[in-house]
Amino acid sequence: MGFNMSDVTSRRAVARSSVMALVALCWGVVSVCHAQVSVLPRAGRMETAHTLGDGGFMVSGGYIPLESRLPRLGGVPIEDDMNIGGIELPRAVRYEAEGGLVPLTLGFGVTETTDLYLNGTIGSGTSQKRVQNFYGVPPDIYGAFIADGDLRFDRIYDQPLFDFGVGLKHQLKPDYGDGLPAVAVGVNGRFGYASDDFETFQDRTPADGFADFGVEGYTAVTVSAGELMQAHGRIAVSSSRKLGAQTSFGGGVEFGLVPGQLMVSGDFSSRRDIAGVEYRDTGEKLTVGFHYFLSPSTVVQFMTNTAGHLTLNLVQIGEKSTAVTPSAPSLEQELF
């Protein structure tokens with residue numbers, strides 16, 4: 001049997017084509033695994049490791065139901081010394097709040113890696129302290145009036161409930177598609193008037209309301225898990241006049257139902273507080289969301305939970321640098 005040079009050349013061509021097809025397939029798999037699902041600064045109500053980007057912005061609003069009492073429902077009034085007109089008198093006191101909180105946020109992408117957020121909360125409904133038997137009438141007389149539903153000897157003080165604050169977020173490491181998470185750090189500061197309903201009364205002057213302030217620092221990480229999913233984690237340390245020093249942690253996930261158009265998210269945080277009001281039930285700590293892409297850079301987010309918390313975000317992603325990655329080899333490229 002003679003040596004046929006054309007057969008060798010043909011086999012080399014087939015081998016070269018097979019190798020190139022295999023390389024292209026592997027490259028496609030790797031690209032899919034590292035594709036970035038989204039670059040939104042929030043997944044549900046949780047901060048992600050992404051920023052808005054240079055020139056980006058976010059507008060956020062919502063409604064959080066509020067129903068709080070101290071002492072808790074069915075408890076006896078707390079006996080406390082109230083500073084009324086400069087004189088401290090022992091009186092039985094209750095705090096009651098019923099209505100809602102309206103959290104508002106404006107976010108601006110200062111640079112590709114740094115965001116500035118302006119936050120505020122407005123309280124609606126009833127927020128008041130009731131000082132029972134304010135005038136100190138004899139208990140038997142006061143008790144007779146109370147039995148008839150006559151509260152003329154009580155005095156009610158409306159309590160302001162609002163706050164405002166500033167936040168900064170800086171991305172330390174973007175998602176390069178290297179399998180390592182994106183990382184960001186942030187700090188939030190706030191000041192306002194909170195409900196005096198945490199464990200014991202802290203405000204001895206009910207006519208002025210309870211001034212509250214605090215600061216929070218956090219670290220957020222985001223990991224891409226294929227083309228359709230991202231996972232997020234967050235750990236924070238906070239301190240405020242009302243709630244004291246606390247730590248919190250949380251996690252969330254985003255999943256693309258329709259890639260590039262519709263995503264769903266879910267997140268959980270070990271603690272939630274808004275304007276100094278702490279939400280403790282599990283249903284209040286869980287959130288599910290839907291993210292609809294109006295365009296590749298404009299997203300509407302709607303978040304809710306079983307407690308009736310509602311949040312709506314409009315996000316415009318700004319300019320961001322893209323990582324330069326090598327291109328897949330061409331099938332025409334000579335390997336041998």
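The figures here come from the full heavy-atom set of this structure, side chains too, leaving out hydrogens, waters and symmetry mates. Start at 1 with the first residue, then count along the sequence. Small disclaimer: the values here were computed from a predicted structure and weren't measured.
No more than 12 heavy-atom neighbours from other residues, nucleotides or ligands sit within 6.0 angstrom of CZ on F213. In F302, the CZ atom is crowded: over 12 heavy atoms of neighbouring residues, nucleotides or ligands sit closer than 6.0 Å. In this structure, F153 places its CZ atom where more than 12 heavy-atom neighbours from other residues, nucleotides or ligands lie under 6.0 Å away.
For an aromatic pair to be called close, the ring centres must be under 6.0 Å apart, and H309 with Y279 satisfies this.
Note on E96 versus R94: no salt bridge recorded, every NZ/NE/NH1/NH2 to OD/OE distance being 4.0 Å or above. Under 4.0 Å is where a charged nitrogen must lie from a carboxylate oxygen, and between R234 and D267 no such pair does. A salt bridge is defined here as a Lys NZ or Arg NE, NH1 or NH2 lying under 4.0 Å from an Asp or Glu carboxylate O, and R204 with D80 meets this definition.
With contacts defined as side-chain heavy-atom distances shorter than 4.5 Å, the pair S240/D212 qualifies. A heavy-atom distance below 4.5 Å is not found between the side chains of L118 and T105. Side-chain atoms of H291 and Q261, non-hydrogen and from C-beta on, never get closer than 4.5 Å to each other. The shortest distance between side-chain heavy atoms of L257 and M263 does not fall below 4.5 Å. Side-chain contact between E254 and L40 is present, with heavy atoms from C-beta onward closer than 4.5 Å. Taking 4.5 Å as the limit, some side-chain heavy atom of T304 sits within range of a side-chain heavy atom of V288. Side chains of L161 and L101 form a contact here, defined as non-hydrogen atoms less than 4.5 Å apart.
Linking ILVMFWY side-chain heavy atoms closer than 4.5 Å, directly or via other members, places I78 and I146 in a single hydrophobic cluster. Under the 4.5 Å side-chain heavy-atom criterion for ILVMFWY residues, no single connected hydrophobic cluster contains both I235 and L168. Placement of M58 and V299 within a single hydrophobic cluster is found when ILVMFWY residues are connected by side-chain heavy-atom separations under 4.5 Å, directly or transitively. Cluster annotation: F145 and V131 are assigned to the same hydrophobic cluster (Ile/Leu/Val/Met/Phe/Trp/Tyr, side-chain heavy-atom contacts under 4.5 Å, transitive). Cluster membership check: F198 does not share its hydrophobic cluster with F201, using side-chain heavy-atom separations under 4.5 Å among Ile, Leu, Val, Met, Phe, Trp and Tyr.
Of the listed residues (K320, E319, Q316), just one forms a side chain to side chain donor-acceptor pair (under 3.5 Å) with S297, and that residue is Q316.
Here L151 contributes atom CG and I156 contributes atom CD1; the two are 7.0 Å apart, rounded to the nearest 0.5 Å. Interatomic distance, OH of Y63 versus CG of L310, reported as 9.5 Å (0.5 Å rounding).
Partners of R42 under the side chain to side chain donor-acceptor pair (under 3.5 Å) rule, at least two apart in sequence or in another chain, are E47. A search for salt bridge (charged side-chain N to carboxylate O under 4.0 Å, His left out) contacts involving R130 returns D154, not counting sequence neighbours.
Residues Q230 and T222 have side chains that never bring a donor and an acceptor to within less than 3.5 angstrom of each other. In the model, Y95 has a side-chain atom that pairs as donor or acceptor with a side-chain atom of S127 under 3.5 Å. Using a 3.5 Å distance cut-off with no hydrogens or angles, the side chains of D115 and Y117 do pair a donor with an acceptor. Under 3.5 Å, the side chains of D175 and S224 contain a donor-acceptor pair of N or O atoms. A donor atom on one side chain and an acceptor atom on the other are found under 3.5 Å apart for R271 and S238. Judged purely by distance below 3.5 Å, without hydrogens or angles, the side chains of E216 and N188 pair a donor atom with an acceptor atom.
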Go through it in stages, so that I can follow the logic: the residues are K129 and D196, the test is side-chain contact (heavy atoms from CB on, under 4.5 Å), and I'd like the CA-CA distance, side-chain angles, deciding distance and then a yes or no.
CA-CA 9 Å; K129 272 186 177 179; D196 192 7; 2.9 Å; yes

Step by step, work out the side-chain contact (heavy atoms from CB on, under 4.5 Å) result for S60 and L312.
CA-CA 6 Å; S60 176; L312 183 66; over 6 Å; no

Working note: V102 + L104, criterion side-chain contact (heavy atoms from CB on, under 4.5 Å); need CA distance, chi angles, decisive distance, verdict.
CA-CA 6 Å; V102 181; L104 303 170; 4.0 Å; yes

Evaluation steps, side-chain contact (heavy atoms from CB on, under 4.5 Å), between R45 and I274:
CA-CA 12 Å; R45 290 165 62 186; I274 302 172; 3.7 Å; yes

Assess the residue pair T205 and D203 against the criterion (side-chain hydrogen bond (donor to acceptor under 3.5 Å, both in side chains)); give the C-alpha distance rounded to whole Å, side-chain angles, the decisive distance to 0.1 Å, and a yes or no.
CA-CA 6 Å; T205 56; D203 183 15; 3.0 Å; yes

Steps toward ring pair (Phe, Tyr, Trp, His ring centres under 6.0 Å) verdict (F162, Y193)
CA-CA 5 Å; F162 68 91; Y193 282 83; 5.7 Å; yes

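Remark: the backbone N or O of V137 is paired with a side-chain donor or acceptor of N133 at under 3.5 angstrom. Of the possible donor and acceptor atoms, one in the side chain of N305 sits under 3.5 Å from a partner among the backbone N and O of L286.
Nearest heavy atom pair, residue T113 against residue T51, reads O-CG2, 3.6 Å. Minimum heavy-atom separation, D163 to A275: OD2-CA, 3.3 Å. Residue R155 comes nearest to Y157 through the heavy atom pair CD-OH, 3.1 Å, listed as atom of the first residue, atom of the second, then distance. Smallest separation of non-hydrogen atoms from Y218 and A236: CB-CB, 3.7 Å. Summarising the geometry of T298 relative to L314, their closest heavy-atom pair is CG2-CD1, 4.1 Å, with the distance given to 0.1 Å. For the residue pair V277 and S195, the shortest heavy atom distance occurs at CG2-OG, 3.6 Å.
Using the six-membered ring where Trp is involved, H50 and H232 have ring planes that are perpendicular, over 60° apart on the 30 and 60° scheme.
Counting only residues at least two apart or in different chains, salt bridge (Lys or Arg N to Asp or Glu O under 4.0 Å) contacts with residues 235-248 comprise D197-K242.
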